[in-house]
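Quick notes on the structure that follows.
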Amino acid sequence: MTHLETVGLERWEIRDFDPGSDRAAEDESPGWIAVHAPADTYQALVEAGRLAHPFQGRNEAAAAWVRDREWWWRTGFQAPARDEDQLTELVFEGLDTFADIYLDGALIGRTDNMFRRHVFDVGAALRPGETHRLAIRFTPTALADLPPETPPFGGFVDRISRSKRNLMRKAQFGWGWDWGPDLPTVGIWQPASIMVRNKPRLADVRFVTTEASTDRAHAVVHLGLEGIETAAARIEIALADPAGDSVFVYNGPAVAELGIDLDNPQLWWTADLGGQPLYGLAVRLFEGERLLDEVRHTVGLRTIGLDQSPDPDEPGTTFFRFVLNGVPIFAKGACWIPATSFVGDLDPAAYERLVAQSAAANMNMIRIWGGGVYEPDLFYDLCDRLGLLVWQDFMFACAPYPEDGDFAASVAREVEDQVRRLRHHACLALWCGNNENQAIHRFAADMTGDKAPLSGAALYDELFPTLLGRLDPSAPYWPGSPWGGAHPNSMRAGDVHDWTVWHGLPPVPGDLMVGAYDSTPEGMAYTRYAEDMGRFISEFGIQAAPALATLKRWMDPGDLEIESPGFLERIKDEARKANALMTPVTGLPDTLEQYVDFTQWTQAEGLKFGIEHFRRRNPHCAGALLWQLNDCWPCVSWSLIDFDGVEKAAYHAVRRAFAPVLASFKEADGQVELWITNDTLAPINGEAVVALESLDGKTVWRETVAYAAPAGGHARPWSGPTPRDPAQVLRVSSAEGAFEANRLLPVPISRLPMSRDPKLSMAITRIAPDVLRLDISAQAYAPFVHLVSDRPDLRFDDNYFDLAAGESRSVRVTAASAVSPHDLAVRSWTPR
């Protein structure tokens, strides 16, 4: 939108008072802290020396006082000039959360929704050229006027009665989660400004691709005008290709919609299937020759749909697969939580790193989880550019919610703001009503016998689809995650959250849970992923510790032990669950270093096993989204990438398992099959080398087999008896480099009879000051070979791999600044 002048409101002062301090903004005594908005109150206090960093040591509890104070923010600005037919607006892109807004001491508005864009017409109150005072009072959430409480889910730990988080439109994870700290935020968390604009404007611009092929694309631009008679308006619509060359121009009377036909278009694909060409759309509103308003969007030519037709090969089930440009795809990705607990502290570099790490891990989809925030524009821009589809939850998670009155009205305005902001992005694949609300409600009903309806269902079943039918009717909508079939978590339709592994939750093959909750090592074993016959697995995961260096950066030295209170505070879920997963795989650790290794190996092996199973089921299963990609603070969690950006072992296991062409072994009934899975758009053929090798490097037998796999399909070129000798490993490789090598270990790593010293060696070649090539080799079988560093900025194009006796591998290391060989060390698994 064109603004004739914008005054950014960036320099503020903040201070806390006892609740009820109506004139606190006029207090001139010392104690005000300067901040640059958008900002986070915790971070401002840390920088001012008033608060120890809540992530450091055991400081989380010491920050609890922040939520109970009344926080005032104040600033001054010079009012811009305007003409009589123009508006001057005070615009807040996000206030967190219960705020009273004062202009020169007069109350001009109140807010109660962190996710809304708030606009106030302040032209009549401003005198151009003069300085005005703006102040905001943030009321503690505990004192906010909230709707009546809804009872918590029966049969589960009560997660809402204390915080009442479900009664307010605020980031739900802020009061703590099973991976996050209890640090509810407050303040100006998105940009604020004074804007001058013309009264006539483009109130609505929506771009939709309705047809996309290599020969032709058809798109429609939908327009809505405000403040001007249609007969007096002239519209100019221009579309430029990725090189900036004009491919379409319309200049004429205002229209409600306009079709665009393009020959030989450049289609937008996910990173694994093609390029990400982006077109520039410019829409201008004129009255005569006077430019009144302009909207610019970057768009991609692509169609996206959701195929839920019956699956003929598995009677009684339906598909759940995304169809991009007419092609059914297998969604490979992870769930995203906020990149930091301090959501007002946006670090563009962290976003760029995390999205780039996702693409580098062969992902093609990110799910924005419903307990966090609608991410900033930068996130979606990055996904557009790097070819990652976005499954977008609305911000509701794991709770019953009010569904009428002022709460529903506020939610409706929230949804409208966010859908209008995000719908033009090529990456946007699906809107989803919530995270797990229907599923938890059903599990609770089955456990307790309480058949009361879900409070909040009217939002997901009525309000959201009605709004989307008006605002973004071409985009797929899904009422919740998980959802589908006779049970929300049914394997026969829709998407599934598989928490049999890790939480011991009974699976749901059809309309009922089968079995009991089982938290034993057998009940939670990662091999149970093989029981999951779901259509689309939108959550599954295993916890692992972050890098040891990350723990050392954030923890007190005396707490670097696995039973210390400081370390246990880093595990927000039950610590015993990790023990149950590790026991049959690695055994239990004695030291923190072992805990890091054992949990990371278990996570890596478990996710590898699960992904390979889900991908072999394509097209009956058409997606695997891991829980979770990232962390909001330094902790033990399900993440692939820790808070400091260091990639866990599972990141590299997942990267290999998500490769467009995958070779994997499937075991059943004493036999093992080799599968070649091809997710590309073209058929492939080649030769695979299958070999049984001893751990000392001798080849027991070797066989070369031909394979041919159709586009989006599989080949099964080889089968044989499952190896039983614990001193042997079954391996597959490609002489042409068509896929990464893979292996099948006959026993868990704790029982492998390997050498205590595989005699690793590393030759280092400097490519550039910030780039090294490492050539690593082993004289005996060495699993879990990995490079470690105290520097979190180092990135490895490969890590956490196995080396056979006599084998070598090259790893490229890149860094944010000059890197030295002394910054690195190489390790492998050490038998106990």
Side-chain angles (χ1 to χ4, degrees), residues 38 40 43 55 179-180 270-272 276 332-369 372-390 425 427 544 546-547 549-551 553-554 600 625-635 637-655 658 768-772 786-800 811-819 823-824:
D40 173 78
Q43 293 284 53
F55 293 172
W179 38 260
T270 50
D272 55 333
Q276 293 76 51
K332 301 182 283 269
C335 299
W336 173 288
I337 65 168
T340 173
S341 292
F342 309 132
V343 293
D345 183 38
L346 171 62
D347 180 3
Y351 276 80
E352 291 168 2
R353 170 180 53 75
L354 281 166
V355 177
Q357 285 172 303
S358 302
N362 293 310
M363 295 184 185
N364 61 19
M365 180 175 281
I366 295 292
R367 173 179 168 236
I368 303 298
W369 171 73
V373 298
Y374 304 95
E375 292 296 335
D377 293 343
L378 172 61
F379 172 85
Y380 303 93
D381 290 340
L382 289 166
C383 290
D384 284 345
R385 297 204 300 264
L386 295 180
L388 288 160
L389 291 170
V390 173
H425 283 280
C427 64
T550 298
L551 293 173
R553 276 188 291 273
W554 291 102
Q600 288 208 13
L625 306 183
L626 297 155
W627 185 266
Q628 63 206 66
L629 177 73
N630 58 310
D631 282 326
C632 67
W633 79 305
C635 66
S637 81
W638 295 266
S639 71
L640 301 181
I641 304 166
D642 74 26
F643 180 73
D644 286 352
V646 182
E647 296 154 358
K648 298 180 183 178
Y651 173 88
H652 291 278
V654 165
R655 176 182 58 77
F658 276 161
D770 57 350
V771 181
L772 300 175
H786 56 284
L787 294 152
V788 294
S789 176
D790 289 338
R791 291 180 51 171
D793 63 304
L794 300 193
R795 298 288 170 264
F796 308 100
D797 69 349
D798 198 3
N799 209 2
Y800 296 95
V811 176
R812 186 179 180 90
V813 183
T814 57
S817 58
V819 59
D823 294 326
L824 296 156

Assess the residue pair Leu386 and Gln276 against the criterion (side-chain contact (heavy atoms from CB on, under 4.5 Å)); give the C-alpha distance rounded to whole Å, side-chain angles, the decisive distance to 0.1 Å, and a yes or no. CA-CA 7 Å; Leu386 295 180; Gln276 293 76 51; 5.9 Å; no
Dump the intermediate steps for side-chain contact (heavy atoms from CB on, under 4.5 Å) on His425 and Val390, then the final yes or no. CA-CA 9 Å; His425 283 280; Val390 173; over 6 Å; no
Geometric class of the Trp179/Trp369 ring pair [parallel <30°, tilted 30-60°, perpendicular >60°]: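 If you compare the ring of Trp369 with that of Trp179, the planes turn out perpendicular.
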Return the minimal non-hydrogen interatomic distance between [X] and [Y], and the atom names on each side.
X: Pro792; Y: Asp644; result: CB-O, 3.6 Å
X: Asp793; Y: Ala815; result: OD2-CB, 3.6 Å
X: Glu375; Y: Trp336; result: OE2-NE1, 3.0 Å
X: Ala649; Y: Gln600; result: N-OE1, 2.9 Å
X: Ile337; Y: Cys632; result: CD1-N, 3.7 Å
X: Arg812; Y: Asp797; result: N-OD1, 2.9 Å

Counting only heavy atoms not in Asp790, do more than 12 sit closer than 6.0 Å to its CG atom?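 Open: at most 12 neighbouring heavy atoms sit under 6.0 Å from CG of Asp790.
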Would you find a donor on one side and an acceptor on the other, under 3.5 Å apart, between the side chain of [X] and the backbone of [Y]?
X: Asn362; Y: Arg655; value: yes
X: Asp770; Y: Ala816; value: no
X: Asn630; Y: Ile641; value: no
X: Asp642; Y: Ala547; value: yes

Could you measure the distance from the [atom1] atom of [X] to the [atom2] atom of [Y]? Nearest 0.5 Å is fine.
X: Arg367; Y: Leu625; atom1: CZ; atom2: CG; answer: 7.5 Å
X: Cys383; Y: Asn364; atom1: SG; atom2: CG; answer: 11.5 Å
X: Asp40; Y: Leu346; atom1: CG; atom2: CG; answer: 12.0 Å
X: Trp638; Y: Gln628; atom1: CH2; atom2: CD; answer: 7.0 Å
X: Met363; Y: Leu629; atom1: CE; atom2: CG; answer: 5.5 Å
X: Gln357; Y: Arg795; atom1: CD; atom2: CZ; answer: 4.5 Å

Is it the case that the ring center of Phe55 lies less than 6.0 angstrom away from the ring center of Phe342?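 Phe342 vs Phe55: aromatic centres under 6.0 Å.
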Any [X] side-chain heavy atom under 4.5 Å of [Y] side chain:
X: Ser637; Y: Lys648; value: yes
X: Glu647; Y: Asn799; value: no
X: Leu794; Y: Leu787; value: no

Is there a donor-acceptor contact under 3.5 Å linking the side chains of Thr340 and Asp345?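 The criterion, which ignores hydrogens and geometry beyond distance, is not satisfied for Asp345 and Thr340.
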What verdict does the side-chain contact (heavy atoms from CB on, under 4.5 Å) test give for Asp381 and Tyr351, after you've listed the backbone C-alpha separation in whole Å, the side-chain angles of each residue and the deciding distance to 0.1 Å? CA-CA 11 Å; Asp381 290 340; Tyr351 276 80; over 6 Å; no
Quick one: which of Ile368, Asp384, Val373, Leu388 gives a side chain to side chain contact (heavy atoms under 4.5 Å, CB included) with Phe379?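 Result: among Ile368, Asp384, Val373, Leu388, Ile368 is the only option passing the side chain to side chain contact (heavy atoms under 4.5 Å, CB included) with Phe379.
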